[in-house]
Amino acid sequence: MSTDLISTDVLVIGGGLAGERCAIEAAAAGHDVLILSLVPPRRSHSCAAQGGMQAALGNCVKAEGDNPTVHFLDTVRGSDWGADQEVASIFTQEAPVAVRELAHLGVPWTRVRGGKNSYVIKGQRVEIEEHIENDGLIMHRDFGGTAKWRACYAAAATGHAALYAVDSEVVRLGITVRDRMEAVALIHDGGRCWGAVARCLRTGRHFAVVSKATVIATGGYGRIYGQYTTNATINEGMGAVIALNTGVVPLGNMEAVQFHPTALAPSNILVTEGCRGDGAYLLDKDLHRFMVEAEPEKQELASRDVVSRHMKQRMRDGKGVDTPYGPHLWLDLRHLGEQHLTTKLREVWEICRDFVGLDPAKDLVPVQPTQHYSMGGVRVNKDGQAYNMAGLFAAGEAACWDMHGFNRLGGNSLAETVVAGRIVGRRVAEFVAKSSLDVQTGLAFAATRTAEQRAAEWLGRSGNGPSVYDIRNAMGETMMSKVGIFRTGDELEEAVAEITAMLADCDKAVLRSKVPGMNPELTFALRLKGMLRLALVTARGALLRTESRGAHYRSDYPLRNDAEWLSRTLVRWAVDADEPAFTYEPVGEIDLPPGHRGYGSDERIEMRESLQQYNDGVYERQAEHGRLATAEAPGSRLRRGEWKELV
Ligand SMILES: Cc1cc2nc3c(=O)[nH]c(=O)nc-3n(C[C@H](O)[C@H](O)[C@H](O)COP(=O)(O)OP(=O)(O)OC[C@H]3O[C@@H](n4cnc5c(N)ncnc54)[C@H](O)[C@@H]3O)c2cc1C
């Protein structure tokens with residue numbers, strides 16, 4: 001077989017918001033950039049994002065007093081103290097710039113309307129006079145877990161508007177994009193990454209892309225939960241897989257999986273948190289608004305992990321609406337009125353009309369919590385540089401940067417894509433400026449040949465082995481039923497055993513279609529083992545973490561345990577090893593001490609050591625786990641103690 005090899009300064013794997021924003025930064029610095037994407041970039045998952053993007057602009061009355069420090073407090077509390085606080089600090093300071101920049105790129109943000117405006121807040125309709133001098137500024141809506149209205153939005157199509165604007169800039173800069181291409185392996189020598197092997201999804205041909213720097217921006221991996229996710233079918237986690245397959249790059253916090261309260265039942269298409277932000281509420285089968293008792297202060301706008309647990313519990317208590325597909329609850333949007341629904345929540349209105357035949361101005365909408373977001377991912381330092389592997393970077397949902405810890409706040413992910421894209425892109429450009437492409441081509445050819453052999457081996461299997469789709473469906477059932485919203489040691493052990501058996505089955509699976517070129521079954525088969533590995537490290541990570549933190553809730557260990565678990569999980573899977581290896585690093589330097597989040601339970605096991613003891617040598621300990629040196633000194637962007645006047 002012939003092997004093609006192409007070279008570039010920067011290879012960006014992923015054409016979503018994070019990948020494209022990063023590519024723009026590197027290209028603007030004068031470097032050659034190549035983007036690979038499974039789909040045309042505008043069909044990346046970012047396009048589906050609905051409700052908004054958090055940035056502390058403070059433009060409307062309910063946002064008055066907001067600033068990056070308040071946003072920092074919300075983000076760290078939301079993360080249940082699992083976040084890297086320096087990264088949260090960098091993010092919250094830069095989000096306002098990134099959002100305004102999007103306006104310049106053409107995002108049609110919904111704007112403040114000066115004068116009298118009518119809103120629904122905590123179930124009550126209220127009139128608020130927006131300042132005339134703020135007329136025309138970017139508007140905010142309320143979102144879960146925030147002290148102020150902060151989410152900037154373009155109706156309920158925020159991701160669509162942002163991705164089209166950013167992609168237009170990619171086109172304007174003449175950045176090369178090759179879509180329907182899949183990165184299937186990294187080219188590396190165990191300590192330095194030199195690009196990736198790609199497979200053309202139309203022809204099945206493999207080729208090598210050698211690069212001075214490589215960025216993984218492949219989004220989340222919700223599809224390890226099968227159909228029980230709001231994620232697109234392309235969100236299968238191959239970026240995390242190719243990093244894990246190096247044997248040396250760790251993934252961070254894989255057990256931190258977010259479940260969104262309001263997916264449409266039974267299809268699991270998302271209905272944005274912006275609905276509850278704009279005043280929609282949750283009802284049980286008796287049309288009782290249970291969140292008012294469950295969370296008197298934040299009600300439906302507690303963080304997603306908290307609301308999802310209350311919903312699941314409500315259904316376990318027999319208060320769900322029974323259907324042949326299982327129980328669901330109701331989202332009531334009727335009081336928002338048709339005018340509001342067909343403008344500020346237009347896409348939600350269309351989704352309800354087109355997918356369940358309902359008019360949310362008149363009908364209750366059936367909802368259930370489902371998998372939504374991957375807080376875990378390729379572990380990187382504050383520059384986006386992967387642990388243990390020079391030349392490899394990651395950004396966006398694929399990365400564990402880690403500003404979300406164990407629970408991401410709504411609206412913080414879209415904002416992360418563009419903030420991280422800017423920062424990581426700049427660091428990539430600096431790295432490339434100092435590098436030369438002195439890679440051994442033999443390394444690239446060998447990696448390509450290995451990938452070709454894997455495909456040939458799948459095509460060469462015969463007999464009556466299991467189908468790859470049956471294994472995929474079984475994986476989804478196990479993940480949702482045993483590694484879901486409520487977790488127990490017994491169920492997690494079962495999940496680990498079941499996924500281990502599926503991994504063995506994967507080696508015996510046989511394809512029905514033997515076409516080497518455009519063959520979706522082969523394409524999926526090539527991903528399946530990696531997806532099962534992600535499922536396994538998620539389940540095992542959840543089994544090992546014997547506490548509850550954010551979205552990781554252990555019914556048998558219901559308290560957050562800062563004495564033993566104020567740490568980030570790292571998992572590596574050595575080449576040829578049967579088992580993954582888990583280690584734990586400190587979450588980072590702690591500025592805001594662990595405390596009550598302001599919603600959910602305030603019972604917890606306190607730290608035994610002082611903050612000073614925890615923080616002493618924290619960066620050295622992270623370096624022992626593989627954190628590479630950063631451009632600026634570690635901790636230099638923490639604005640220590642700045643939050644004190646606010647609490
Ligand atoms: C329905 C929905 C609504 C959401 N709404 C919001 C919201 O309102 N606010 C918010 O903050 N967040 C929201 N989120 C989350 C947010 O949209 C995502 O986290 C974010 O858009 C991810 O962007 P990304 O660039 O990291 O990845 P993506 O947009 O998922 O892009 C990944 C890219 O990688 C490519 N790719 C993947 N694997 C490979 C491979 N092996 N080789 C080559 N290319 C590859 C894909 O083709 C794609 O181009 C929502 C999520 C969902 C599911």
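When reading the values below, keep in mind they use all heavy atoms of this one structure, side chains included, and skip hydrogens, waters and symmetry mates. Values in this document were obtained by computation on a predicted structure and should not be read as measured data. Note that ligands are numbered from 1 as they come in the structure, with each ligand's atoms numbered from 1 the same way.
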Return yes or no for this condition: an N or O of G15 is under 3.5 Å from an N or O of ligand 1. yes
Region of N412 that comes within reach of ligand 1 [heavy atoms, distance under 4.0 Å]: backbone
Any N/O pair A395/ligand 1 closer than 3.5 Å: no
Within 4.0 Å of some non-hydrogen atom of Y373, the atoms of ligand 1 are 19 (O)
Sub-3.5 Å N/O-N/O distance, L270 and ligand 1: no
Quick one: which of H372, E182, E236, R21 has a heavy atom closest to atom 51 (C) of ligand 1? H372
Judged by heavy atoms only, the candidate from G19, G411, G52 nearest atom 7 (C) of ligand 1 is G52
Could you tell me whether ligand 1 has any atom less than 4.0 Å away from a heavy atom of T272? no
pair H260-E273: side-chain heavy atoms closer than 4.5 Å: yes
Verify, without hydrogens or angle tests, whether D66 (side chain) and G58 (backbone) share a donor-acceptor contact under 3.5 angstrom. no
Would you kindly say whether N412 and T75 are connected by a side-chain donor-acceptor distance under 3.5 Å? yes
Under a 3.5 Å threshold, yes or no: a donor from one side chain and an acceptor from the other, between S89 and Q93? yes
Does G410, backbone or side chain, put an N or O under 3.5 Å from an N or O of ligand 1? no
Select the closest option to atom 33 (C) of ligand 1 among A394, A217, S37, A420, judged by heavy-atom distance. A217
Option of least heavy-atom distance to atom 26 (O) of ligand 1 (set: R527, E397, E347): E397
To atom 15 (C) of ligand 1, the nearest of R180, H45, R408 on a heavy-atom basis is R408
Any side-chain donor paired with an acceptor under 3.5 Å for H340 and D278? yes
